[in-house]
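One structure below.
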Amino acid sequence: MSSQDIPSGVQTPSNASFLEKDEDKIEEVPQNHDATLVALESKGISEYLLICFFCLLVAFGGFVFGFDTGTISGFVNMSDFLERFGQTRADGTHYLSNVRVGLLVSIFNIGCAIGGIFLSKIGDVYGRRVGIMASMVIYVVGIIVQIASQHAWYQVMIGRAITGLAVGTVSVLSPLFIGESSPKHLRGTLVYCFQLCITLGIFIGYCVTYGTKRLSDSRQWRVPLGLCFLWAIFLVVGMLAMPESPRYLVEKKRIEDAKKSVARSNKLSPEDPSVYTEIQLIQAGIDREAIAGSASWTELITGKPAIFRRVVMGIIMQSLQQLTGVNYFFYYGTTIFQAVGLKDSFQTSIILGVVNFAATFIGIWAIERFGRRSCLLVGSAGMFVCFIIYSTIGSFHLYKDGEYNNDNTYKPSGNALIFITCLFIVFFASTWAGGVYTIISESYPLRIRSKAMAIATAANWVFGFLISFFTPFIVSAIHFKFGYVFSGCLLFSFFYVYFFVVETKGLSLEDVDELYASNVVPWKSSKWVPPSTAAMATEAGYAADEKPVDEHV
């Protein structure tokens, strides 16, 4: 940071030290760890209503994703959709084969994986705001392809793949954008709002399809698709009001814009000393990253500190989020409810959607109160117990005479499965649903953040595709015993979190690099104390060993 970037009115001690960036050269001035810098205060949430509102606008990208999830499950059961895009039985009734349903539902996940890896690059080049707005243009194209479909089921599939490209991009950029823009003591809560918007979108999607299923023509599914245009417009308008990420702006050397972004988010003047300190901390972090490595894809393997370890952690955590089995519950929940007399699958979806949405508020409250690790560990343990009970009752105590027939079940066992299903969703929605997005958004340095998050999120989409596509076939073969597979994954997730996931609660994104460089074991990471503000703003930190020898002189 050059001297002309220092806001007027900011008094820096003559013996203060900080990193000065002159083109590509990093110069270190004499060190004084006692130098006093005015840091941003951690005020009450009422003082951050504006940035909270802005972050909710970004989180609305999750609503777009959730609405698609909530509507497609209804489309495949609608009479007009089945007549247009399904196959015909000998008796004249229409149906969708397992393969066709699997492709219609899961091709979306493949599009998301591709979009997350490749199109999220737009956010690095043109900014997070532009990246999200560009994704909505792609989203609208995909909706048009779907809504224009007449009788070709593969046209709907292609349209869903295109919308997947957009949603995958948003799924990377939205948590990333929120994580870079929000105050550190509210970051977990605000990133978790992305998951809240997903569950709200799922619930609204269920409600809309429940309302349109009574129609007798293509409005059954075209009206819900048409509403997607409204969501896209709302998100684009919201991005026009949202300040750009200050970390992106500093990286692009747009210091004045970065000061305005920080000031606007914290209701301060751009000339406030604490705004200067925040920009200096961000710049120092970027300088350390520049010393430690480049922003190439190989940096995901060779980068410091512990970049490869963090990338692997992200991939495993995002994969495990799918392997918790939550999508299995949403898919197979209809059968459970049918066992106790609730035949309408749309009503079933609404019940699960309400539980999912309501439980997310628990996660919003808990993520900053108890920390990321504690929430994830409790979630893994709770879901593991639920799945063991669920699988045992379903396999051995639900059907009379061992015959898999919904008209031949024990109603008390069916009621127990409904309770366990809802309890499982409560554990998932309040822990792993948003907890994974939160910890992934906090774990990577700026130079490779979008790449690492894209790779991790792609793993989520790939496993989502595999589970969505193969669940109908596996359930047909082994029924409720499929739950034991997920139980094993949940047991693994508990030990993985305990031994490999560090606590990032209350840390700035720059502090996280120092945490990984300190080699603190994960189960002791919650007690780690970050360096002082002065040290973070003035020292090379973990990157010191990478500096050329002559720069130490």
Is any side-chain heavy atom of [X] less than 4.5 Å from a side-chain heavy atom of [Y]?
X: Leu320; Y: Phe492; result: yes
X: Tyr206; Y: Val354; result: no
X: Phe427; Y: Val385; result: no
X: Leu323; Y: Ile467; result: yes
X: Ser171; Y: Phe194; result: yes
X: Arg160; Y: Ile72; result: yes
X: Tyr437; Y: Gln321; result: yes
X: Leu96; Y: Leu82; result: yes

Heavy-atom donor-acceptor pair, [X] side chain to [Y] backbone, under 3.5 Å:
X: Ser181; Y: Ile178; answer: no
X: Ser441; Y: Thr438; answer: yes
X: Gln155; Y: Val145; answer: yes
X: Thr93; Y: Arg89; answer: no
X: Glu503; Y: Arg373; answer: yes
X: Ser174; Y: Val58; answer: yes
X: Arg128; Y: Leu173; answer: no
X: Gln87; Y: Ser97; answer: yes
X: Arg219; Y: Thr212; answer: no
X: Trp153; Y: Gly86; answer: no

Between Tyr328 and Phe486, how do the two ring planes meet: parallel, tilted or perpendicular, split at 30° and 60°?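 Tilted.
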
Kindly assign one of parallel, tilted or perpendicular to the pair Trp461 and Phe108, based on the angle between their ring planes and the thresholds 30° and 60°.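 Ring orientation, 0 to 90° scale: perpendicular.
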
Take Arg372 and Val502 through the side-chain contact (heavy atoms from CB on, under 4.5 Å) test and state the conclusion after the steps. CA-CA 8 Å; Arg372 287 59 162 151; Val502 301; over 6 Å; no

Centroid-centroid distance, Phe234 to Phe60, less than 6.0 Å: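 Yes - the distance between ring centres of Phe234 and Phe60 falls below the 6.0 Å cut-off.
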
So, do Phe384 and Phe494 have ring centers that fall under 6.0 Å from each other?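 No: the rings miss the under 6.0 Å criterion.
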
My understanding is that only residues two or more places apart in sequence, or in another chain, count here; which of them pass ring-ring contact (aromatic ring centres under 6.0 Å, His included) with Trp365?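 Per chain and number, Trp365 pairs via ring-ring contact (aromatic ring centres under 6.0 Å, His included) with Phe370.
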
Greater than 12 external heavy atoms within 6.0 Å of Phe229's CZ: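 Buried by this count: over 12 neighbours within 6.0 Å.
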
On the ring face of Tyr516, is Arg310 found with NZ or CZ under 6.0 Å from the centre and within 45° of the axis?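 Yes - Arg310 lies over the ring of Tyr516, closer than 6.0 Å to its centre and within 45° of its axis.
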
For the pair Arg222 and Asp80, find out whether any cationic side-chain nitrogen is under 4.0 Å from an anionic carboxylate oxygen.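 No, this pair does not count.
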
Rounded to the nearest 0.5 Å, what separates atom NZ in Lys505 from atom CZ in Arg187?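 Answer for the NZ-CZ pair, Lys505 versus Arg187, is 12.0 Å.
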
About how many Å separate CG of Leu190 and CZ of Phe177, when rounded to the nearest 0.5 Å?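 CG of Leu190 is found 12.5 Å from CZ of Phe177.
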
Do Ser493 and Ser380 meet the criterion of a side-chain donor-acceptor pair at a distance under 3.5 Å?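 Result is yes, a qualifying pair exists.
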
